[in-house]
Amino acid sequence: RGATVIPAPGKSIENGTIILRDGLIEAVGGAAIAVPEDARVWDVSGMTIYAGFIEPWAELAVADAEGGLARHWNSRVRPERFASNALAALSGDRVKALRGLGFTTAQLVPEAGLFRGASCLISLRDGASGDRLISKRVSQCAAFDHGGGGYPGSLMGSIALMRQVLLDARWQRDALAEYQKDPKGIERLEANESLAALRSVVDGKQRVLFRTRDELTYSRFMKVAAEFELRTGYLGNGYEYRAAAAIKAAAAPLVVPIAFPPAPAVEDPDAALGVSLAALEHWDFAPSNPAFLEKAGVPFSLTTARLADAKGQFYKNLRSSVKRGLSKEAALAALTSEPAKLVGAFGKLGSITKGKIANLVVADGDLFDGEKTKIHTVWIDGLPIEQEASRAVDLTGRWKVSISGIDGEQEWKISGGEKSLKIKFGDESFPAKVAGGRLLLAFPSAAAIGRDTDGVARLTAVITDPKKLDGSG
């Protein structure tokens, strides 16, 4: 309680209170809300609380299952795969990195192939794979995958293969229906896992999430989607501002990466001649891509996909897009409600609402324009997980120090950051550091006890709270 609560984009509750019970949100409101007698109270005054963020596109290597029924002859066509089968391979470091950015759930997507397999939705809490799985089968994932040896070796070939696979899946569906209606005179079909896995796709029941390469990919896949009446969604590529009208007309969910190109190398006049006008324009327009989409009325989700260094680039690029015109409301929606709708889980996720899963992000300010704002805690399924900023302690300021055996108190002044602390007492300053929740300091002993002595004094102080240190040396 005590924080500014942002239950949904465009809404705010000052001095808010959120009541959690059994992993769900029981109530949310202002300071007047009744707190149950059995509740443990977390005072987060001065903080800002958002709904837990949802990563809509986290790619994961998924191996083919051994044995089983016949599959498609082309190894790039593996719609029968499930990302959930590779959940154990999701590294703990990757999960922690996503949590550090405020993500509490993620859609895992098979990373390779033409038809890649079914995505899944998971909680980013710790625990066994089965405990973290929210939905095993969300969307079928696809791309115009080609090259690298074998067929298809070209874009044209990948489009042709995709159309042929969909035609085969549709034919198998219809032929099987005829056989089941009246098998007389009809040879029983050979079972094929790949074509069977696409049954829900050609029936229009399962969405196809398509990974694009450039703005031209949209029109190419839209033609395939129209031919087979597919439900679609797209992972963008950063060039959406060039095709915003067509994307809006498609009325399909869109996942937008915020990976921006580096500044072109134009310092060298000769090298600058090799930089095209198109490259310069894209470098200039890329940070404005989300704002252009918002202005065009295109709903979208944001992802860490395509970022080389998500920890270092995600918020830097996100805030850059906000400065270029992306509203904070649209930015928050792109991390909460829009991806929740994409994965079919808006009834459970995407806002701080009674009855939804208790996934929260607790920050020390506005995440969308505060350059120094840090995430302190994420709550997943009602359980708090502290982040680096929450464990950091600000020791800067003036301290009263009592040393056993020496009359009176000394005044020490601590300054600098956590990795560059300095302690000054008297006219001298000495370096210090924090490690493992302790303040470590070494200095000439004469400086501390006020008389001539040889040697070095080493002090270790345990940080019991931000206003008290207990140590020995």
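Reckoned from all heavy atoms, side chains included, excluding hydrogens, waters and symmetry mates. Residue numbers start at 1 and run along the sequence shown.
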So how far is it from S337 OG to L349 CG, rounded to the nearest 0.5 Å? 11.5 Å

Hey, are Q164 and D168 close enough side-chain-wise for a donor-acceptor pair under 3.5 Å? yes

Is it true that E294 and R324 make a salt bridge, defined as a side-chain N closer than 4.0 Å to a carboxylate O? no

Could you give the distance from OG1 (T212) to CG (L235), rounded to the nearest 0.5 Å? 6.0 Å

Take S84 and L108 through the test side chain to side chain contact (heavy atoms under 4.5 Å, CB included) and record every step on the way to the result. CA-CA 8 Å; S84 59; L108 300 184; over 6 Å; no

Hey, does L166 have a side-chain heavy atom less than 4.5 Å from the side chain of E227? no

Atom NZ of residue position K248 - does it have more than 12 heavy atoms of other residues, nucleotides or ligands inside 6.0 Å? no

NZ/NE/NH1/NH2 to OD/OE distance under 4.0 Å, R78 and E80: yes

Atom CG of L307 and atom CG of L101: how far apart are they, to the nearest 0.5 Å? 9.0 Å

Take atom CZ in R94; do more than 12 heavy atoms of anything else shown fall under 6.0 Å from it? yes

Do W57 and R211 make a side-chain contact, defined as non-hydrogen atoms from C-beta onward lying under 4.5 Å apart? yes

Would D369 and R319 pass as an ion pair if we require N to O under 4.0 Å? no

Which word best sums up how the rings of Y241 and F285 line up, parallel for under 30°, tilted for 30 to 60°, or perpendicular for over 60°? tilted

Tightest non-hydrogen contact, residues S119 and C141, listed as CB-SG, 3.9 Å

Work out which heavy atom in P110 is nearest to a heavy atom in A83; give both atom names and the distance. CD-CB, 3.9 Å

Note, L318 side chain near F368 side chain (heavy atom, < 4.5 Å): yes

Whether Q140 side chain and G117 backbone form a donor-acceptor pair below 3.5 Å: yes

Please determine which of K205, Q206, R199 meets the side-chain hydrogen bond (donor to acceptor under 3.5 Å, both in side chains) test together with D203. R199

Can you confirm whether D284 sits close enough to L280 that some side-chain heavy atom of one is under 4.5 Å from a side-chain heavy atom of the other? no

Applying side chain to side chain contact (heavy atoms under 4.5 Å, CB included), run through F144 and M162 and close with a yes or a no. CA-CA 8 Å; F144 288 142; M162 180 171 287; 3.6 Å; yes

Check T17 against V5 and note the closest heavy-atom contact, atom names and distance. N-CG2, 4.5 Å

I'd like to know if the side chain of N15 reaches the main chain of A3, judged simply by a donor and an acceptor atom lying under 3.5 Å from each other, with no hydrogens or angles considered. no

Are the side chain of K354 and the backbone N or O of A27 linked by a donor-acceptor pair below 3.5 Å? no

All heavy atoms of V361 vs all of F53, minimum pair found to be CG2-N, 4.0 Å

State whether a side-chain donor-acceptor pair under 3.5 Å links S158 with R76. no

Would you say D214 and T217 are linked by a side-chain donor-acceptor pair, where the criterion is simply a distance under 3.5 Å? yes

Return the minimal non-hydrogen interatomic distance between P253 and L342, and the atom names on each side. CB-CD1, 3.5 Å

Apply the test side chain to side chain donor-acceptor pair (under 3.5 Å) to residues D43 and S45: give CA-CA distance (whole Å), side-chain angles for both, the deciding distance (0.1 Å), then the verdict. CA-CA 6 Å; D43 188 343; S45 299; 2.6 Å; yes

Other residues, nucleotides, ligands: >12 heavy atoms within 6.0 Å of D22 CG: no

With no hydrogens and no angle check, is any side-chain donor or acceptor of R81 less than 3.5 Å from a backbone partner on R116? yes

Counting only N and O atoms by type, is there a donor-acceptor contact under 3.5 Å from the side chain of S327 to the main-chain atoms of A330? yes

I25 and S351 have their tightest heavy-atom pair at CD1-O, 4.3 Å

Keeping E338 on the side-chain end and P299 on the backbone end, is there a donor-acceptor pair under 3.5 Å? no

Does any N or O in the side chain of T373 come within less than 3.5 Å of the main-chain N or O of D366, such that one atom is a donor and the other an acceptor? yes

Rounded to the nearest 0.5 Å, how far apart are CG of L360 and CD1 of I18? 5.0 Å

Close side-chain approach of P290 to F300, heavy-atom, < 4.5 Å: yes

Under 3.5 Å donor-acceptor, R132 side chain and R125 backbone: yes

Spell out, as yes or no, whether a donor-acceptor pair under 3.5 Å connects the side chain of E240 to the backbone of N237. yes

Less than 6.0 angstrom separating the ring centers of F314 and F103, yes or no? yes

Side chain to side chain contact (heavy atoms under 4.5 Å, CB included) between K356 and F346: does it pass, once the steps are laid out? CA-CA 9 Å; K356 291 194 175 185; F346 189 62; 3.7 Å; yes

Worked check of side chain to side chain contact (heavy atoms under 4.5 Å, CB included) between L189 and W171: CA-CA 11 Å; L189 295 176; W171 179 88; 3.7 Å; yes

Is S321 reaching over with its side chain to a backbone N or O of P287, donor-acceptor style, under 3.5 angstrom? yes

Compare all side-chain heavy atoms of R220 with those of L155 and state whether any distance is below 4.5 angstrom. yes

Are Y218 and F210 close enough that their ring centres sit under 6.0 Å apart? no

Euclidean distance, K341 NZ relative to T336 OG1, rounded to 0.5 Å: 9.0 Å

Going by heavy atoms in the side chains, are I357 and L24 under 4.5 Å from each other? yes

Roughly how far, to the nearest 0.5 Å, is the CG atom of L254 from the OG1 atom of T303? 11.0 Å

Taking the side chain as every heavy atom from C-beta outward, state whether D381 and S123 have any atom pair closer than 4.5 Å. yes

If we check side-chain hydrogen bond (donor to acceptor under 3.5 Å, both in side chains) with R99, which of these qualifies: T377, D126, T104? D126

